[in-house]
There are 2 protein chains.
Amino acid sequence: MHRKIVFPRSIRYLLAVAEHKSFTRAADALAVSQPTLSQQIKQLEESLDVQLLDRSGRSVRLTDAGEVYLLHARRALGELHAAQRAIHDLQDLSRGSLRLGMTPITDYLTAPLLDAFNAHYPGISVSTLEMPQHDIECGVAEDRIDVGIAFTNTLSSMAASSKIEAHVLFDEALNLAVGQGHGRAGDRSPFSAATLAEEPLVLLSPDFVLRRYVDMYCRQHGITPHIAMETNSLSVIVEIVRLGRLATILPDTIATAQHGIQSIKLAPSLPNHTITLICRNGGYKSPACVAFGELAVDWCSLRARQQTAAVSTPSQRRTPETALVQR
Amino acid sequence: MHRKIVFPRSIRYLLAVAEHKSFTRAADALAVSQPTLSQQIKQLEESLDVQLLDRSGRSVRLTDAGEVYLLHARRALGELHAAQRAIHDLQDLSRGSLRLGMTPITDYLTAPLLDAFNAHYPGISVSTLEMPQHDIECGVAEDRIDVGIAFTNTLSSMAASSKIEAHVLFDEALNLAVGQGHGRAGDRSPFSAATLAEEPLVLLSPDFVLRRYVDMYCRQHGITPHIAMETNSLSVIVEIVRLGRLATILPDTIATAQHGIQSIKLAPSLPNHTITLICRNGGYKSPACVAFGELAVDWCSLRARQQTAAVSTPSQRRTPETALVQR
DNA sequence: TAGCCCTATAGGCGTTCACTATGCATCGAA
DNA sequence: TTCGATGCATAGTGAACGCCTATAGGGCTA
């Protein structure tokens, strides 16, 4: 492999001759023969149709044209050096960018992951875009986004075409979430489907996947939920629930992460849903993208270990999960 | 001769591929085969140890590294283009510089020449340095100055060594100069050497060549000049003479160019002295230097014509003989 | 003027570049 | 799924270029 930067030989030689003010010494420094320099520089002069060096005197010196040419040549060389450094930075993950697509709910779940990523690679600018799952898949396939985080592992038809690949990060229980002032607060026993039907709920709009999960659950168990309120904003739901009058169904992690909200298991439980990482299959992955994938895996395994540890003492909170990953 | 700019093939190829988003089309545009591009770009990628192009999809696209590399590469290429333009400007004499050395008296004589040069080539910055003749010769030989204008054609020993060459621009009569209020003002008849001895004079200091001419003249004719004042400033002499009490000996051109001063011939006359252009022999001459030499010749021949036309008495002038320096 | 230092030129050799032919993967259509 | 079309990668050969040694020529110094 060349350690040398890609740059015209003739100009490099000219630089050396100008520096040493001598063909012979420059040839020594460059570890080439002196005639080689004469030849190369002559060619450069011919291609520019101008005399760059004045060889008449005792020592070689630059002509006016040589002076001005070298000024620019040095800058050009500097640019290519800068290019190499920039690339190196990119490889080092000390710079770069990551375009991340996620469904509207997953951002609550992966905010700690994003935070950890930024803490590790502060030079990489992350831009997150909320979009439906289908857009995520298309965006990844067409390289409009580098990586996506979606709410389900049931990929659309496009996924089959092996253009994208999906990795399950973790899966998540869907529980009833109530505020501390709610009548069910403090219930230890699981919530039955029948009881759920009587409970006034605040739910996401029907176009959200999570809502569709809930609807499917109710249909399967022959109940009609009492929907007191619908919204397309997760934060509205969280605040309403926190006030204590209405309940909702939320991923366990979101519910327990919020102050003043507690999570109550359902029986029978809703099917777990998965948080999935989506990226291109086979194509080029930027270093930042690779790093994000690796960090995500590490973060999830750490998260799993913490969760197992916490379950043994079932009453309380989970520790904040900032998985640290070494490069 | 190459019309193409000197720049690495591999980078040029990369630019083309990035532009056309296709190896095949880029190869067409570059008039090379497609495998050549594959090969060259692969080598570039290997030398940078990074993937620059993502060939996985339908169309070739740049990776992050390729994007950032191309940004710098374009700038580098732009610099080399700028270099070529700058050199072209230099050849065009729309830019450049000229270092001119002259003895303290010749500046009076060549000021119109300098003015004409600047009028023709306003982009060339001229720096004039006053220095003794010896320094001019050394300066030209050692390339500290591009061209010198001296007061005499008797070159020092250094001139013999063929490192410098001298061209006579014109020669100049040395006459008595008096103010209009001077007792001799209006004299038509030549001034004899004997009369000169009685005349109170203001002269240059003995270290000036002009002064040495005068001293030699006096010695040759056995007279002792009445030196009322000595100075090393030509402008002081001019002003003193203008006041009318003292006379001096000046090149005819200087005397007649000054308002309130008239020139009176001497009989026998002082030997004419020559205004000489000095430049390097054999070595590189900058375009600006060559242009100055050519303009000097033109200017002198024009000057000669004007002078011949002005002076009806044909005894006076001789033609300017200046061999022109070939490139 | 003789000798030394430095650059230019000549001719042979090896690497690199570019070409043709072919292989392999992807994409679109039957 | 299969087939043809498209597009990049690979192999192998010929030409061009870069680099070498040897030598010539020119300027500077003793």
Side-chain angles (χ1 to χ4, degrees), chain A residues 2 4 6-14 16-18 20-47 51-62 141-143 158 160-164 280-284, chain B residues 2 4 6-14 16-18 20-47 51-63 66 138 141-143 157-158 160-164 280-284:
Chain A
H2 312 140
K4 237 175 173 149
V6 177
F7 201 67
R9 268 181 290 267
S10 52
I11 300 182
R12 282 206 309 268
Y13 290 174
L14 177 67
V17 172
H20 291 93
K21 302 187 194 308
S22 155
F23 279 66
T24 309
R25 282 191 292 279
D28 271 352
L30 291 168
V32 297
S33 71
Q34 169 268 313
T36 300
L37 290 193
S38 293
Q39 206 169 296
Q40 285 293 310
I41 288 178
K42 183 181 177 181
Q43 284 180 16
L44 180 61
E45 288 180 329
E46 280 171 0
S47 79
Q51 193 177 346
L52 295 171
L53 293 172
D54 173 15
R55 302 126 160 113
S56 66
R58 165 149 203 74
S59 74
V60 176
R61 62 176 68 224
L62 288 164
E142 295 165 13
D143 200 28
M158 161 157 289
S161 72
S162 79
K163 286 170 100 174
I164 61 179
R280 293 182 74 199
N281 189 11
Y284 162 82
Chain B
H2 312 140
K4 234 171 178 152
V6 177
F7 201 66
R9 268 182 293 266
S10 52
I11 300 182
R12 281 205 308 268
Y13 290 174
L14 176 68
V17 172
H20 293 91
K21 300 187 195 309
S22 153
F23 279 66
T24 308
R25 283 191 291 280
D28 270 353
L30 291 168
V32 296
S33 70
Q34 169 267 314
T36 299
L37 289 195
S38 292
Q39 203 170 300
Q40 285 294 310
I41 288 178
K42 184 181 178 180
Q43 283 180 16
L44 179 61
E45 288 181 329
E46 280 171 0
S47 79
Q51 193 179 343
L52 295 171
L53 294 172
D54 174 15
R55 304 134 162 105
S56 67
R58 161 159 201 68
S59 72
V60 176
R61 63 176 69 221
L62 289 164
T63 65
C138 292
E142 295 165 13
D143 200 28
S157 61
M158 160 157 289
S161 72
S162 79
K163 286 169 100 174
I164 60 179
R280 293 182 75 200
N281 189 9
Y284 163 82

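All chains are named by letter (A, B, ...) in the order of the sequence lines, taking the proteins before the strands, and each is independently numbered beginning at 1. Just so we're clear, the structure is a prediction, and the values are computed from it rather than from any experiment.
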Starting the side chain at C-beta, find the nucleotide from D/dC20, C/dA18, C/dT7 nearest to A/Ser38. C/dT7

Please determine, for the side chain of A/Arg25, which listed nucleotide (D/dT10, C/dC6, C/dT9) has the closest atom? C/dC6

Regarding A/Gln40, tell me which of base, sugar-phosphate or nothing describes its non-hydrogen contacts under 4.0 Å with the strands shown. sugar-phosphate

So if I take every side-chain heavy atom of B/Val60 and compare against D/dC8, C/dC17, C/dA8, which nucleotide ends up nearest?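 Of D/dC8, C/dC17, C/dA8, D/dC8 is nearest to the side chain of B/Val60.
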
Which is true for B/Ala26 with a 4.0 Å heavy-atom rule: it touches a base, it touches only sugar-phosphate, or it touches nothing?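 No contact.
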
N/O (side chain, B/Lys42) to phosphate O (OP1/OP2, D/dT10) under 4.0 Å: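 Yes, within the criterion.
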
Which nucleotide in C/dC17, D/dA11, D/dT21 has an atom nearest any side-chain atom of B/Pro35: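 For B/Pro35, the side-chain atoms sit closest to D/dA11.
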
C/dC17 phosphate, OP1 or OP2, under 4.0 Å from B/Gln43 side-chain N/O: yes

Would you say A/Ser38 and A/Gln34 are linked by a side-chain donor-acceptor pair, where the criterion is simply a distance under 3.5 Å?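 Side-chain D/A pair, A/Gln34 to A/Ser38: present.
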
Nucleotide nearest A/Ser33 (side chain, heavy atoms from C-beta), chosen from C/dA10, D/dC19, D/dA9: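 In terms of side-chain proximity for A/Ser33, the closest of C/dA10, D/dC19, D/dA9 is D/dC19.
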
What's B/Thr24 touching, base or sugar-phosphate or nothing? Going by heavy atoms closer than 4.0 Å.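 Answer is sugar-phosphate: B/Thr24 comes under 4.0 Å of backbone atoms only.
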
Could you tell me whether the phosphate oxygens of D/dG7, OP1 or OP2, come under 4.0 Å of any side-chain nitrogen or oxygen in B/Arg55?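 No, no such contact exists.
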
Check whether the side chain of B/Gln39 and the base of D/dA9 form a donor-acceptor pair under 3.5 Å. no

Among C/dC17, D/dC19, D/dC8, find the nucleotide with the atom closest to the side chain of B/Phe23.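 Within the option list, the nearest is D/dC8.
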
